[in-house]
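These notes are about the structure you will find just below.
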Amino acid sequence: MSRLKKNWTQAAALMIFMVLLLAGCTTFDACAYMQAILDVSYRNETEDYMELTGATQEDADKIFQNNLDATMHEFHTAELSEELEESYRSLFEKTVKQVKYTVGEAAEGEGDGYTIDVSVEPILLFDNTYEEFQKKAEEYAAEISNNVMKGGEMPSDEEIQNQIYQTYYEVLTEELDAGLTYGEAENITVHINKTEEGIYEIPEKDLRTLDQAMISQKKLEKESQKEAKEESGKTPEKIE
C-alpha cells in the first residue's frame with residue numbers, strides 16, 4: 001500500500017507542472033492572461049489562450065494533454081494493465097476539469113511585472129476516500145492471507161498491484177460520481193515577471209504552489225511523513 005501512495009503522490013505533484021511563456025504586447029492584460037493559462041491547463045479551454053498568446057490550436061491542445069501525460073508517468077512504470085491505465089487517465093481528466101479557481105485583480109509588481117491573487121477551493125476527492133481505500137486494501141490483504149493459509153496460491157506482485165490500483169480506482173470513481181466536495185478557499189499569490197526580452201513569464205515555483213493547492217492531498221502527505229518518521233526511527237539489525 002505504501003508503494004501505491006508514493007506513486008500517486010509523485011504523479012499528482014507533476015500535474016500541470018510547467019512554465020508558460022507569455023508573449024509581450026502593447027496593452028498587457030495580466031488578469032486575462034492568468035485566466036487563459038488556468039483555463040487551458042485545467043479545463044482544456046483553448047480559445048482565449050490562443051487569442052492572447054498567438055499559439056496554434058495544436059500547441060494549445062498539447063498543454064492539457066501533456067499535463068495528463070505527466071500525471072500518468074508513474075503509472076507507466078507500475079506495469080498496470082492498459083485498460084486500467086486508461087481508466088485512471090479518464091478519471092484524472094474528469095477530476096482536474098472540475099477544479100475551482102477565481103482570478104483576482106492584478107497589482108503592479110517589481111519592474112514591469114504584476115502580482116495576482118488566485119483564490120483556490122481544493123478538491124477533497126483523495127482526502128475523502130483515504131480511509132475507505134485503506135479499509136478495502138486491508139480487507140484484500142486479509143483475503144490473500146486467509147486463502148494462502150488454506151492452501152491457495154499466492155498472487156504475483158503484479159496481480160496484487162493491479163488489484164490494489166483497481167480497488168483505489170473504484171473508490172475514487174464512486175466518490176467522483178457522487179459529486180466532488182471542496183475545502184475552504186486559499187489565496188495563492190502568482191507573479192508575472194517581464195524579462196529583458198520583453199516576454200512575460202510565470203515562475204515555475206508559483207505554478208507548482210498553485211497546482212498543489214488545486215487538489216488536496218493532506219491525508220496522503222501526513223501518512224507519508226508518518227512512514228518516513230517510522231523508517232528513520234528504525235534501529236539497524238545487528239550484524240553477527
Side-chain angles (χ1 to χ4, degrees), residues 9-57 59-71 73 92-127 180-218 220-221:
T9 300
Q10 291 175 341
L14 291 171
M15 192 181 298
I16 323 294
F17 179 41
M18 61 170 62
V19 175
L20 298 173
L21 299 182
L22 311 179
C25 56
T26 304
T27 55
F28 179 71
D29 188 336
C31 293
Y33 269 97
M34 188 74 254
Q35 186 71 47
I37 288 173
L38 292 173
D39 290 346
V40 74
S41 298
Y42 292 93
R43 295 175 181 166
N44 200 23
E45 297 175 359
T46 61
E47 185 175 346
D48 289 343
Y49 178 80
M50 291 168 56
E51 181 179 345
L52 291 170
T53 64
T56 64
Q57 181 69 60
D59 288 338
D61 288 337
K62 283 181 179 179
I63 294 174
F64 185 80
Q65 294 306 319
N66 285 345
N67 290 335
L68 281 180
D69 290 342
T71 305
H73 175 73
F92 293 150
E93 181 173 354
K94 292 176 182 177
T95 301
V96 77
K97 283 184 176 180
Q98 296 185 59
V99 296
K100 287 187 177 182
Y101 49 81
T102 303
V103 177
E105 296 296 324
E108 293 185 359
E110 296 183 4
D112 294 325
Y114 300 86
T115 61
I116 299 178
D117 282 345
V118 179
S119 177
V120 176
E121 296 178 47
I123 289 176
L124 301 180
L125 173 64
F126 302 105
D127 287 349
L180 291 174
T181 58
Y182 299 79
E184 294 184 4
E186 176 184 0
N187 283 330
I188 308 296
T189 299
V190 179
H191 299 79
I192 299 180
N193 302 325
K194 189 176 183 180
T195 67
E196 294 180 356
E197 293 76 19
I199 296 175
Y200 289 97
E201 64 180 6
I202 298 177
E204 184 177 291
K205 64 178 182 179
D206 286 3
L207 289 173
R208 178 189 287 272
T209 300
L210 188 63
D211 181 66
Q212 290 176 340
M214 293 289 183
I215 302 177
S216 177
Q217 297 177 71
K218 289 182 179 179
L220 289 176
E221 291 169 354

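A quick note: this is a predicted structure, and the numbers were derived from the prediction, not measured.
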With rounding to the nearest 0.5 angstrom, report the [atom1] to [atom2] distance, [X] to [Y].
{"X": "Thr46", "Y": "Asp59", "atom1": "OG1", "atom2": "CG", "answer": "11.0 Å"}
{"X": "Thr209", "Y": "Glu204", "atom1": "OG1", "atom2": "CD", "answer": "10.5 Å"}
{"X": "Thr56", "Y": "Met50", "atom1": "OG1", "atom2": "CE", "answer": "7.0 Å"}
{"X": "Asp211", "Y": "Ser41", "atom1": "CG", "atom2": "OG", "answer": "9.0 Å"}
{"X": "Leu52", "Y": "Asp29", "atom1": "CG", "atom2": "CG", "answer": "7.5 Å"}
{"X": "Ile63", "Y": "Thr53", "atom1": "CD1", "atom2": "OG1", "answer": "7.0 Å"}

Can you see which heavy atom on [X] is nearest to which on [Y], and at what distance?
{"X": "Ala106", "Y": "Cys31", "result": "N-SG, 3.4 Å"}
{"X": "Ser216", "Y": "Phe126", "result": "O-CB, 4.0 Å"}
{"X": "Asn193", "Y": "Pro203", "result": "ND2-CG, 3.4 Å"}

Side-chain donor-acceptor contact under 3.5 Å, [X] with [Y]:
{"X": "Asn67", "Y": "Tyr42", "result": "no"}
{"X": "Glu201", "Y": "Thr195", "result": "no"}
{"X": "Tyr101", "Y": "Asp39", "result": "yes"}
{"X": "Gln57", "Y": "Asp61", "result": "yes"}

Next on the checklist: Checking Leu38 against Met214 for the side-chain contact (heavy atoms from CB on, under 4.5 Å) test, could you report, in this order, the C-alpha distance in whole Å, the side-chain angles of both residues, the deciding distance, and whether it holds?
Outcome noted: CA-CA 11 Å; Leu38 292 173; Met214 293 289 183; 4.2 Å; yes
Checklist entry - Has the side chain of Asp48 got a donor or acceptor atom that lies under 3.5 Å from a matching backbone atom of Ala36? => result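 No, the answer is negative, given that no donor and acceptor are paired below the 3.5 Å cut-off.
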Next on the checklist: Using a 3.5 Å distance criterion without hydrogens, assess whether the side chain of Asp127 forms a donor-acceptor pair with backbone atoms of Lys218.
Outcome noted: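 Indeed, once roles are kept as given, a pair shorter than 3.5 Å links the two residues.
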Checklist entry - Are more than 12 heavy atoms from other residues, nucleotides or ligands located less than 6.0 Å from atom NZ of Lys97? => result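 Yes, NZ of Lys97 has more than 12 neighbouring heavy atoms, counting only those of other groups under 6.0 Å.
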Next on the checklist: Does atom CD (Gln65) have a neighbourhood of more than 12 heavy atoms from anything else shown, all under 6.0 Å?
Outcome noted: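 Atom CD in Gln65 is crowded, with more than 12 foreign heavy atoms closer than 6.0 Å.
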Next on the checklist: Ring-plane angle category for Phe28 and Tyr200, please: parallel below 30°, perpendicular beyond 60°, tilted otherwise.
Outcome noted: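 Taking Tyr200 first and then Phe28, their aromatic rings lie parallel (interplane angle under 30°).
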Which atom pairs, one a donor and one an acceptor, fall under 3.5 Å between side chains of residues 115-125 and the rest of the protein, sequence neighbours left out?
{"residue": "Asp117", "atom": "OD1", "partner": "Thr189", "partner atom": "OG1", "Å": "2.7"}

Next on the checklist: Apply side-chain contact (heavy atoms from CB on, under 4.5 Å) to residues Glu45 and Phe64 and explain how you reach the verdict.
Outcome noted: CA-CA 9 Å; Glu45 297 175 359; Phe64 185 80; over 6 Å; no
Next on the checklist: Applying side-chain contact (heavy atoms from CB on, under 4.5 Å) to Met34 and Leu210, what does each step give before you reach the verdict?
Outcome noted: CA-CA 12 Å; Met34 188 74 254; Leu210 188 63; 4.2 Å; yes
